[in-house]
Amino acid sequence: MNAPIGVIDSGVGGLTVVKELMRRLPNEQFLYIGDTARCPYGPRSATEVRKFTWQLADALKSHSIKMLVVACNTATAVALESLQKKCPFPVVGVIFPGARAAIKVTKRSEVCILGTVGTVHSGAYEQALKSLSSSCKIVPLACPPFVPLVESGEYEGDFAFELVRKTLEPLNKESFDTLILGCTHYPLLQNHIEQTVGPNVIVLSSAEETADDVDRILTYYQIQRKKVNVEEHYFYTTGSVAMFKTTVSKWLEIPNPKVQQISFE
Ligand code: DGL
């Protein structure tokens, strides 16, 4: 089936999921919307995030997508259920796959979850982790500076490392052997986070397990595509096209990606 797969996020973070989707499903076409102008979603109310997420989903619906990946934990936490109920195609979120990845590797059943304020307050990871392992001990920490840091593009140097180290200070007194990057922006800070928590903690994102789910659903419904050309992937942003283009070509290694502006309201 030649229809594209839609992917949405509040900004560039969901591209970390697209990277894994492209690696696993090289014949599929992706349409992505990053709501950069209204990013971050993390500090916003659940009602507002739900409204924005539906706007992004509706915009992709008009492109006849065959599946939607909500590549944003904050949006998944508050909107996944309603999207799954009302969309005429399968909708995949990133929280359950992230929890599943953690439960597979944790030895002591002690999992730290880093996320936005919205994701942490929603309790969605606790619910997912407990549904997989009721005795799991969970250490949640909201990291509000991380999304703006990644969106600014300044996530590689000493300043970024220092900000990560400071933000993770409350973890010094906690015990856990596995850490979930519970925000799709955070894999860009993975090196800094790993350096801060040390070599005895496994740091993982939900990208691989999410790609597993997408792959399984395509196979189940037999809606795989046979072939795609790199110029068929489309990226929409509500913010600066130039900045988004730079990020897409750097992260996804697409030399001249098709990026267009889109606006809501
Ligand atoms: N990538 C989004 C997530 O996974 C970031 C949310 C935000 O914009 O604060 O939660």
Side-chain angles (χ1 to χ4, degrees), residues 6-21 30 32-57 68-81 83 91-99 101-102 112-128 140-153 155 163-164 167 179-190 193 203-211 213 235-240 243-244 247-248 251-252 264:
V7 185
I8 55 175
D9 180 45
S10 64
V12 294
L15 295 173
T16 60
V17 179
V18 173
K19 197 176 173 76
E20 183 59 24
L21 287 169
F30 296 97
Y32 183 93
I33 304 183
D35 195 4
T36 323
R38 300 187 292 191
C39 187
Y41 280 9
R44 296 178 187 273
S45 71
T47 311
E48 195 169 34
V49 174
R50 202 171 294 120
K51 178 181 153 195
F52 289 178
T53 307
W54 265 101
Q55 287 176 332
L56 308 188
L68 177 67
V69 181
V70 185
C72 174
N73 291 264
T74 316
T76 297
V78 298
L80 183 69
E81 223 177 284
L83 288 165
V91 183
V92 174
V94 283
I95 290 184
F96 198 79
C112 171
I113 157 76
L114 302 185
T116 67
V117 170
T119 299
V120 168
H121 282 180
S122 76
Y125 267 101
E126 276 86 342
Q127 216 182 323
L141 182 68
C143 308
F146 288 5
V147 170
L149 181 67
V150 171
E151 287 287 331
S152 74
Y155 52 85
L163 192 60
V164 168
T167 309
L179 181 149
I180 306 175
L181 301 169
C183 169
T184 53
H185 283 72
Y186 297 180
L188 276 304
L189 298 169
Q190 185 156 353
I193 293 169
V203 175
L204 51 87
S205 80
S206 50
E208 280 177 38
E209 291 278 333
T210 303
D213 282 2
F235 301 86
Y236 298 92
T237 172
T238 52
S240 155
M243 273 179 74
F244 211 83
T247 308
V248 171
W251 293 1
L252 302 183
F264 298 103

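Excluded from the calculations below are hydrogen atoms, water molecules and symmetry mates; all remaining heavy atoms, backbone and side chain alike, are included. Worth saying up front: this structure is predicted, and the values here are computed from it rather than measured. Whatever order the structure lists ligands and atoms in, that order sets their numbers, starting from 1.
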| task | Answer whether the closest heavy-atom distance between the side chains of Val147 and Cys39 falls below 4.5 Å. | result | yes
| request: Can you pull out the closest protein heavy atom to atom 10 (O) of ligand 1? Residue, atom name and distance to 0.1 Å, please. | output: Thr74 OG1, 2.6 Å
| message | So, regarding Thr119 and ligand 1 (criterion: nitrogen or oxygen to nitrogen or oxygen, under 3.5 Å), is there a contact or not? | response | no
| field | Asp9: numbered ligand 1 atoms lying under 4.0 Å from its heavy atoms | value | 1 (N), 2 (C)
| Any side-chain heavy atom of Val18 sitting closer than 4.5 Å to one from Trp251? | no
| query | Short list, please: which atoms of ligand 1 are under 4.0 Å from a heavy atom of Asn73? | reply | 3 (C), 4 (O), 10 (O)
| query | Where does the angle between the aromatic ring planes of Tyr32 and Phe235 fall among parallel (under 30°), tilted (30 to 60°) and perpendicular (over 60°)? | reply | tilted
| Does some side-chain heavy atom of Glu151 sit less than 4.5 Å from a side-chain heavy atom of Pro40? | no
| remark: Under 4.0 Å from one or more heavy atoms of Gly42, ligand 1 contributes atoms 7 (C), 8 (O), 9 (O)
| request: Report yes if some N/O of Pro40 lies less than 3.5 Å from some N/O of ligand 1; otherwise report no. | output: no
| query | Does some side-chain heavy atom of Val12 sit less than 4.5 Å from a side-chain heavy atom of Met243? | reply | no
| For ligand 1, the portion of Cys39 having any non-hydrogen atom under 4.0 Å away | side chain
| message | Within the 4.0 Å heavy-atom shell around Tyr41, which atoms of ligand 1 are there? | response | 7 (C), 8 (O), 9 (O)
| query | Taking C-beta and beyond as the side chain, do Leu204 and Ile180 meet within less than 4.5 Å on heavy atoms? | reply | yes
| task | Would you mind telling me if ligand 1 is within reach of the side chain of Cys183, the backbone, both or neither, using heavy atoms under 4.0 Å? | result | both
| task | Would you mind telling me if ligand 1 is within reach of the side chain of Thr116, the backbone, both or neither, using heavy atoms under 4.0 Å? | result | side chain
| field | Proximity of Val94 to ligand 1 by residue part, where a heavy atom lies under 4.0 Å | value | neither
| query | What distance separates Tyr236 OH from Ile8 CD1, expressed to the nearest 0.5 Å? | reply | 14.5 Å
| remark: Here the gap from Leu80 atom CG to Arg50 atom CZ, rounded to the nearest 0.5 Å, amounts to 11.5 Å
